[in-house]
Amino acid sequence: MDKQTEYVLRTIEERDIRFIRLWFTDVLGTLKSVAVAPAELEGAFEEGIGFDGSAIQGFARVSEADMIVKPDPSTFQILPWRGESRGTARMFCDILTPDGSPAWADPRFVLKRTLAKAADLGFTFYTHPEIEFFLFTSPHEPGGPPPEPIDRYGYFDNAPHGVAHDFRRSTITMLESMGISVEFSHHEGAPGQQEIDLRYADALTTADNIMTFRLVVKEMALEHGVVASFMPKPFPDHAGSGMHTHFSLFEGDTNAFYEPGAQYQLSKVGRAFMAGVLTHAREISAVTNQWVNSYKRLQGGGEAPAWVTWGHNNRSAMLRVPMYKPHKGGSTRVELRTLDPACNPYLAFAVVLAAGLKGIEEGYELPPGAEDDVWSLTEAERRALGMEPLPGSLGQAVDTMASSELVAETLGEHVFDYMLRNKRAEWREYRQQVTQFELDRYLPLL
């Protein structure tokens with residue numbers, strides 16, 4: 001038994017933990033949980049716990065249903081919102097097949113596999129997400145009135161004695177008590193919209209933290225009598241929610257993206273990584289932006305990126321090189337602005353990393369950057385500058401992904417096939433809907 005496992009078992013006994021929640025994620029990014037009693041945990045560490053994989057989105061066919069959930073002791077954390085007695089803890093899990101090998105359908109394994117490829121090249125992948133979301137006064141009922149935001153404040157507004165202020169404070173306290181460091185928090189630009197930024201960490205830890213973050217935000221919202229949603233674009237007339245994420249590669253303790261004296265202090269490795277993400281941006285969109293609603297945000301104007309381009313400190317570009325901080329070479333990074341907060345972070349980080357590594361391995365050249373506000377240009381001007389549009393809908397994104405060798409190899413045959421089938425079904429269902437827009441415009445006219 002290793003030291004981490006011993007620590008978990010000892011802590012559970014000393015802290016009188018009554019329930020341990022074993023967490024994992026399905027292919028679509030939904031958090032799953034099974035609770036075990038302390039007496040069962042040692043066996044779970046050694047052999048795992050069996051479950052019906054065919055009941056989980058994208059995991060297994062009925063004929064291959066038996067799967068095993070095995071806790072990762074390094075992710076052990078007490079859940080502080082479960083009462084003063086602190087009687088509940090959680091661990092993230094790896095999914096195995098009955099013979100003990102990793103399950104190809106496990107999103108966490110997809111990311112681990114891609115991180116291992118980066119490690120073979122000498123790189124560690126670090127990420128820093130800025131997560132936006134909305135707070136509403138009450139749950140939305142199907143067919144009911146539009147959701148009502150909790151306030152009418154805007155970007156960086158200080159709302160004294162407001163629900164949002166108290167909510168952010170208690171949420172950050174809760175996250176930090178679970179070992180998840182928060183860098184910034186503030187009110188975002190749209191009514192009821194919030195942003196909380198997590199501190200830099202390796203990609204696997206960040207993906208685990210994002211899954212925890214989404215649950216904590218929803219739990220704390222309920223405690224404050226409101227409802228949280230990570231839906232990318234709930235309002236047609238306001239900006240949507242993104243998850244702008246900063247990426248960097250390190251070789252040991254050295255930032256591989258940093259080169260003193262280079263343009264923007266960005267190294268050849270950093271430029272090739274960016275070129276890889278740009279080259280494969282359209283192919284990975286169905287993973288980084290996997291919902292019908294995701295494309296309402298991307299096509300909604302403002303600072304949402306809709307074109308494959310990059311810029312220095314240009315928030316209208318898809319990829320941004322933030323302003324260099326003198327004497328902080330370790331902070332050199334690139335920011336991807338397409339990701340939305342409702343993605344599966346394991347799969348999204350995997351395809352972004354795979355695209356960047358492809359750029360490094362193949363020596364992709366970074367094209368000229370965009371100096372102008374991309375949204376202020378005409379379509380002809382964008383095309384003249386060599387800018388290619390991102391997919392305009394989930395249907396276009398899925399069709400583009402279907403022919404991508406990079407995405408198929410990164411996700412693995414099982415996850416790739418499931419994503420294609422599931423997203424095509426979502427797109428078909430959406431296209432069959434008759435919207436309020438159509439009723440309002442065409443019924444009186446036609």
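Quick note: numbers below take in every heavy atom, side chains included, and nothing from hydrogens, waters or symmetry partners.
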Do [X] and [Y] make a side-chain contact, defined as non-hydrogen atoms from C-beta onward lying under 4.5 Å apart?
X	Y	value
Ser185	Gln194	no
Phe24	Asp106	no
Phe349	Phe247	yes
Val334	Trp310	no
Tyr346	Val110	no
Leu22	Phe51	no
Glu195	Phe184	no
Met274	Arg320	no

Any donor-acceptor pair under 3.5 Å from [X] side chain to [Y] backbone:
X	Y	value
Glu426	Asn422	no
Gln193	Glu132	no
Arg282	Pro389	yes
Trp104	Gly412	no
Thr97	Ser101	yes
Asp94	Lys70	no
Thr75	Phe92	yes
Asn289	Thr338	yes
Gln77	Met178	yes
Thr309	Ala317	no

Can you name the residues that form a side-chain contact (heavy atoms from CB on, under 4.5 Å) with [X], not counting sequence neighbours?
X	value
Glu438	Val434, Thr435, Tyr442
Arg424	Val398, Asp399, Ala402, Leu420, Arg428
Tyr430	Val292, Lys296, Trp427

Heavy atoms of other groups near Lys423 NZ, more than 12 under 6.0 Å: yes
Residue Arg431 excluded, over 12 heavy atoms near CZ under 6.0 Å: no
Say you draw a straight line from [atom1] of [X] to [atom2] of [Y]; how long is it, rounded to the nearest 0.5 Å?
X	Y	atom1	atom2	value
Thr124	Asn255	OG1	CG	11.0 Å
Leu249	Leu357	CG	CG	6.5 Å
Arg113	Leu411	CZ	CG	8.0 Å
Leu319	Arg337	CG	CZ	10.5 Å
Gln290	Met419	CD	CE	5.0 Å
Phe136	Ser229	CZ	OG	5.5 Å

List for me each residue that meets side-chain hydrogen bond (donor to acceptor under 3.5 Å, both in side chains) alongside [X], sequence neighbours excluded, and say none if there are none.
X	answer
Thr171	none
Thr245	none
Thr206	Thr127
Tyr295	none

All pairs passing salt bridge (Lys or Arg N to Asp or Glu O under 4.0 Å) where residues 204-218 contributes a residue, at least two apart: Arg108-Asp208
Residue pairs passing the salt bridge (Lys or Arg N to Asp or Glu O under 4.0 Å) test where at least one lies in residues 115-125, sequence neighbours excluded: Lys117-Glu361
Heavy-atom pair of closest approach, residues [X] and [Y]:
X	Y	value
Leu353	Ala118	CD2-CB, 4.1 Å
Arg21	Ser33	CB-OG, 3.7 Å
Val269	Ala256	CB-O, 3.6 Å
Thr114	Thr410	OG1-CG2, 3.7 Å
Ala306	Gln299	CB-NE2, 4.1 Å
Ala203	Leu111	O-CD2, 3.9 Å

For [X], what residues pass the ring-ring contact (aromatic ring centres under 6.0 Å, His included) criterion, not counting sequence neighbours?
X	value
Phe76	none
Phe123	none
Tyr200	His128

Residue from Leu215, Asp72, Val69 passing side-chain contact (heavy atoms from CB on, under 4.5 Å) with Trp23: Leu215
Aromatic plane relationship, His238 with Phe235 - under 30° parallel, 30 to 60° tilted, over 60° perpendicular: perpendicular
Side chains of Asp340 and Ser294, donor plus acceptor under 3.5 Å: yes
Working for side-chain contact (heavy atoms from CB on, under 4.5 Å), residues Ile360 and Leu121: CA-CA 10 Å; Ile360 294 169; Leu121 297 172; 5.7 Å; no
